[in-house]
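Below, read A as the first sequence line, B as the second, and so on, with proteins coming before strands; counting in each chain starts at 1. In what follows, every heavy atom counts, from backbone to side chain, and hydrogens, waters and symmetry copies are set aside.
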Amino acid sequence: GAVVSQHPSWVICKSGTSVKIECRSLDFQATTMFWYRQFPKQSLMLMATSNEGSKATYEQGVEKDKFLINHASLTLSTLTVTSAHPEDSSFYICSARGLAKETQYFGPGTRLLVL
Amino acid sequence: GEDVEQSLFLSVREGDSSVINCTYTDSSSTYLYWYKQEPGAGLQLLTYIFSNMDMKQDQRLTVLLNKKDKHLSLRIADTQTGDSAIYFCAENKGNTGGFKTIFGAGTRLFVKA
C-alpha cells in the first residue's frame with residue numbers, strides 16, 4: 001500500500017516554543033491531507049483537512065492560529081504547534097488521500113511532549 | 001450522540017473468533033472502515049466496505065454491514081495473540097471539498113493464550 005511518513009517521530013520541547021511536524025506521502029500524490037490528535041486511550045480526533053494549495057479547514061474547537069497547517073505541495077503537509085503548552089502534549093497523526101478517494105493512508109504518528 | 005460508537009473492550013481466547021461491533025449515524029456514508037492500531041503506532045487500514053455491499057471477506061477478516069440498522073461488524077477468525085490491538089471503526093462524512101473520516105473510540109482486543 002501507499003506510504004506516508006512523519007517527522008519527527010517524537011519531540012520534547014519547552015513550554016512556549018513552536019514545533020513543526022512534517023507529513024509526506026512517499027509514493028503517491030496526496031490531494032488531501034488530514035491531521036488528527038489522539039490522547040492516551042482515546043480515539044483520533046480530526047483537527048483539520050487540508051487540500052493542496054488552499055487553506056486548511058479546521059474542525060470546531062481547533063484554534064487555527066495555534067495549529068498552523070501548510071500544504072504547499074502534493075507530497076508534503078506541515079503542522080506547526082505554536083507556543084506549545086503542556087496540554088498540547090499528544091500523539092499527532094497525519095493521513096493522506098490520493099486520487100482513490102475511498103482510502104486514506106496514515107503516518108506512524110508524532111508524539112509531542114511539552115514540558 | 002457520538003457519530004460512531006463501539007464497545008471499548010473485548011477479550012477472547014487464542015483460536016476463537018472475535019467479533020467487534022460498531023454503529024454509525026451517517027446514512028450517506030459511502031465507505032466504512034476498520035483500522036488496527038498497535039501500541040505506540042499509527043493506524044493500519046485493515047479493510048473497508050462500500051455501502052452497497054453487505055459482506056466482505058478477506059482471509060481471516062469478515063466485515064458485515066447492515067445499512068438499515070447502520071451496524072458494522074468485524075469478525076476475526078482464529079484470533080491470534082498478534083491480533084491484540086485497538087480496532088477502530090470509521091465512517092466517511094461529506095464536508096466541503098470532499099469527505100472526512102470519523103472514528104469511533106476504538107475497541108481494545110485482548111487475546112489470551
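Distance alone, capped at 3.5 Å, is enough to place a donor-acceptor pair between the A:Asp27 side chain and the A:Val3 backbone.
Considering A:Ser54, A:Ser77, A:Ser50 in turn, A:Ser50 is the only one that fulfils the side chain to side chain donor-acceptor pair (under 3.5 Å) rule with A:His71.
For a residue to count as touching a neighbouring chain, one of its non-hydrogen atoms must lie under 4.5 Å from one of that chain's; by this rule A:Gln38 touches chain B with the side chain only. Heavy atoms of B:Gln37 lying under 4.5 Å from chain A belong exclusively to its side chain. Only the side chain of B:Tyr35 comes within less than 4.5 Å of a heavy atom in chain A; its backbone stays farther off. If you measure heavy-atom distances from B:Phe103 to chain A, the contacts under 4.5 Å come from both the backbone and the side chain. For chain A, the nearby part of B:Leu45 is the side chain; its heavy atoms alone come within less than 4.5 Å. Residue contact with chain B, scored on non-hydrogen atoms closer than 4.5 Å, involves the backbone and the side chain of A:Leu44 alike.
Note on B:Leu72 and B:Tyr31: same hydrophobic cluster, where clusters join Ile, Leu, Val, Met, Phe, Trp and Tyr whose side-chain heavy atoms are under 4.5 Å apart, directly or indirectly.
A salt bridge between A:Lys66 and A:Asp88 is present, with a side-chain N of the basic residue lying under 4.0 Å from a carboxylate O of the acidic one.
When the shell of 6.0 Å around NE2 of A:His7 is examined, it contains 12 or fewer heavy atoms from other residues, nucleotides or ligands.
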